[in-house]
Amino acid sequence: MAQITMTQALNLAIDEAMAEDDGVFCLGEDVSAKQGGGVFKVTSGLTEKYGEHRIRATPISETAIIGAAVGAALAGQRPIAEIMLMNFVGVCMDQIVNHAAKLRFMSGGQTPCPIVIRTTTGVGVGFGGQHSDMLEAWFAHVAGIHVVTPSNPADARGLMRASIDANDPVIFIENILCYGLKAEDPGPGYRVPLGKAAIAREGSDISIITYGRTVLDALAVADDLAKEGISVEVIDLRTIAPYDEETVLASVRKTGRALTLHEAVRPFGTGAEIAANIQEKCWDSLKGPVRRIGGTFSAVPFASHLEQAWIPQKSDIVAQIKASVGKH
């Protein structure tokens, strides 16, 4: 099987969906060939295949992008809207939260709103405080929205196809540091069901529940701790909302210990909700408190050494796991 990057996986998924359905189109700043196929090249080559009427470069206006996408979805199309960086969703929150998310409910189920909102973020590339936040908890808190983030190219391809198929809005979060990851191409037609987690690594001593780029950290730590006799199970949620409660709880009941891990700041994060749910439903199985690791509760620094210190450290993950299992 051919190796592909995450950028290529996303491009292939969008290309395939556009070829199958004339109602699928992309819009956003710099997405067309004239701007090089997007800042991160995810839509590269698609203008040449489908024309500027289906790869639509827009003005620098997030409200216009999402407003147009909502209208197109209500008219029966399946727009893929790009908000270049996740911090910019603050500009168009009304269109997402008060319109796209609620139209199906407020119409008694008569008006689905099939929109994929692609956005990018990630700490570690020097983009500064206004361009680096993981804001997934904002949207996980809103009924009517799916929140998705892949950790590898195969999942990126499958999740994107499933997101385009969905009849409700999907916030599709891409981490900048994952774009260059390589993996085998799962091939045309591949889909990963929304709301279904993956057991990225099986283990017996503790469960790490995570998603996106921090899956890579969890797997690296699990490899290192295996040499010390500590068996770590890694759950890659893939879909944050709705998250796969069944898989998470089954894992924790098996290992008896849990650690939630995400790049977003720790306070009020999705890890807190998952930890609370584990405490409520796995109390009889737990051998200790559910632990949480997240980013530092501050704006993301621009200076590279401070930015690196802001990110959850592998050493912190190791220390939390060893404290939980009683090995220091």
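With rounding to the nearest 0.5 angstrom, the CD1 atom of Ile66 is 10.5 Å from the CD atom of Glu82. Distance CG/Asp168 to CD1/Ile115: 10.0 Å, rounded to 0.5 Å. Between atom OG1 of residue Thr43 and atom CD1 of residue Ile80 there is a gap of 10.0 Å, rounded to the nearest 0.5 Å. Distance CE/Met84 to CG/Asp30: 4.5 Å, rounded to 0.5 Å. If you take CD1 on Ile321 and CG on Asp316, they are separated by 11.0 Å, rounding to the nearest 0.5 Å. Here the straight-line distance linking atom CD1 of Ile145 with atom SG of Cys113 works out to 10.0 Å at 0.5 Å rounding.
A donor-acceptor pair under 3.5 Å links the side-chain atoms of Glu263 to the main chain of Val123, judged by distance alone. A donor-acceptor pair is defined here as one N or O able to donate and one able to accept, closer than 3.5 Å; no such pair exists between the side chain of Ser207 and the backbone of Glu233. Checking side-chain atoms of Arg191 against main-chain N and O of Gly189 turns up a donor-acceptor pair under 3.5 Å. Judged by distance alone, the side chain of Thr121 and the main-chain N or O of Ser132 form a donor-acceptor pair under 3.5 Å. Side chain of His146 to main chain of Ser163: no donor-acceptor pair is present (N/O by atom type, distance under 3.5 Å, no hydrogens or angles). The closest donor-acceptor contact from the side chain of Glu307 to the backbone of Gly126 lies under 3.5 Å. With hydrogens and angles disregarded, a donor-acceptor distance shorter than 3.5 Å links the side chain of Gln313 to the backbone of Ile311. Within the 3.5 Å criterion, the main-chain N or O of Ser324 finds a donor-acceptor partner in the side chain of Arg257. Between the side chain of Thr210 and the main chain of Leu261, a donor-acceptor pair closer than 3.5 Å is present. With Asn11 contributing its side chain and Val42 its backbone, the two residues share a donor-acceptor pair below 3.5 Å.
Few gaps surround NZ on Lys254; more than 12 heavy atoms of other groups in view lie less than 6.0 Å from it. By the neighbour-count criterion of 12 heavy atoms within 6.0 Å, atom CG of Leu306 is densely surrounded, having more than that number from other residues, nucleotides or ligands. Around atom CD of Glu246, no more than 12 heavy atoms belonging to other residues, nucleotides or ligands sit under 6.0 Å away.
The two atoms that bring Lys102 and Asn98 nearest to each other are NZ-OD1, 3.8 Å, heavy atoms only. For the residue pair Glu29 and Thr58, the shortest heavy atom distance occurs at N-OG1, 3.4 Å. The minimum heavy-atom distance between Ile206 and Ala258, with the atom names listed, is CG1-N, 3.9 Å. Listed here is the closest heavy atom pair of Ala9 and Pro153: CB-O, 3.2 Å. Across all their heavy atoms, Pro150 and Met6 have their closest contact at O-CE, 4.1 Å. Here the shortest heavy-atom pairing between Arg253 and Lys281 reads NH2-O, 3.2 Å.
Residues passing the side-chain contact (heavy atoms from CB on, under 4.5 Å) test with Glu228 are Leu225, Lys322, sequence neighbours excluded. Looking at residues two or more places apart in sequence or on another chain, you find a ring-ring contact (aromatic ring centres under 6.0 Å, His included) between Tyr179 and Phe40.
Side-chain contact between Arg104 and Asn167: present, with at least one pair of heavy atoms (C-beta onward) separated by less than 4.5 Å. Between Lys49 and Arg54, the closest side-chain pair of non-hydrogen atoms is not below 4.5 Å. With a 4.5 Å cut-off on side-chain heavy atoms, Tyr243 and Asn277 count as touching. For the pair Ile317/Thr214, no side-chain contact is recorded, criterion being any heavy-atom separation below 4.5 Å from C-beta on. Side chains of Ile83 and Met86 form no contact here, defined as non-hydrogen atoms less than 4.5 Å apart. The shortest side-chain heavy-atom distance between Tyr211 and Ile173 does not fall under the 4.5 Å cut-off. Between Met18 and Ile55, some side-chain heavy-atom pair lies under the 4.5 Å cut-off. At least one side-chain heavy atom of Asp185 sits less than 4.5 Å from a side-chain heavy atom of Leu12.
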Note to self: Please determine whether side chain to side chain contact (heavy atoms under 4.5 Å, CB included) holds for the pair Asp224 and Lys314, giving the CA-CA distance in whole Å, both sets of side-chain angles, and the decisive distance to 0.1 Å.
What the structure shows: CA-CA 10 Å; Asp224 290 341; Lys314 292 178 184 176; 5.9 Å; no

Checklist line | Audit row: Thr47, Glu52, side chain to side chain contact (heavy atoms under 4.5 Å, CB included) steps and yes/no | finding: CA-CA 6 Å; Thr47 307; Glu52 292 186 356; 3.7 Å; yes

Item checked: Verdict with reasoning, Glu136 to Thr149, per side chain to side chain contact (heavy atoms under 4.5 Å, CB included) -> CA-CA 9 Å; Glu136 69 276 17; Thr149 185; over 6 Å; no

Margin query: Using the rule given for side chain to side chain contact (heavy atoms under 4.5 Å, CB included), can you reason through Asp21 versus Ile164, listing the C-alpha separation, both sets of side-chain angles and the distance that settles it, and then say yes or no?
Written below: CA-CA 10 Å; Asp21 184 349; Ile164 296 169; over 6 Å; no

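When hydrophobic clusters are built by joining Ile, Leu, Val, Met, Phe, Trp and Tyr residues whose side-chain heavy atoms come closer than 4.5 Å, directly or via intermediates, Leu46 is grouped together with Val24. Criterion: ILVMFWY side-chain heavy atoms under 4.5 Å apart, direct or through other members. Under it, Met134 and Val265 are not part of a common hydrophobic cluster. A single hydrophobic cluster is not seen to contain both Val300 and Leu85; linkage of ILVMFWY side chains at heavy-atom distances under 4.5 Å, directly or through other members, places them apart. Under the 4.5 Å side-chain contact rule for hydrophobic residues, Val125 and Leu10 share a cluster. Hydrophobic cluster membership differs between Val252 and Val215, with clusters built from Ile, Leu, Val, Met, Phe, Trp and Tyr side chains linked at under 4.5 angstrom.
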Enumerate, atom names and distances included, each donor-acceptor pair closer than 3.5 Å involving a side-chain atom of residues 192-202, sequence neighbours excluded.
| residue | atom | partner | partner atom | Å |
| --- | --- | --- | --- | --- |
| Arg201 | NH1 | Asp223 | OD1 | 2.3 |

Donor-acceptor contacts, no H, no angles, side chain residues 282-297, under 3.5 Å, sequence neighbours left out:
| residue | atom | partner | partner atom | Å |
| --- | --- | --- | --- | --- |
| Arg291 | NH1 | Gln320 | OE1 | 2.9 |
| Thr296 | OG1 | Trp310 | O | 3.2 |

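Asn152 and Arg157 share no side-chain donor-acceptor pair at under 3.5 Å.
The ring-ring contact (aromatic ring centres under 6.0 Å, His included) contacts involving residues 44-94 comprise Phe88-His131, where partners must be two or more places apart or lie in separate chains.
The only member of Val148, Val116, Ile96 that meets side-chain contact (heavy atoms from CB on, under 4.5 Å) when paired with Ile171 is Ile96.
Grouping Ile, Leu, Val, Met, Phe, Trp and Tyr by side-chain contacts under 4.5 Å, direct or through others, leaves Phe302 on its own.
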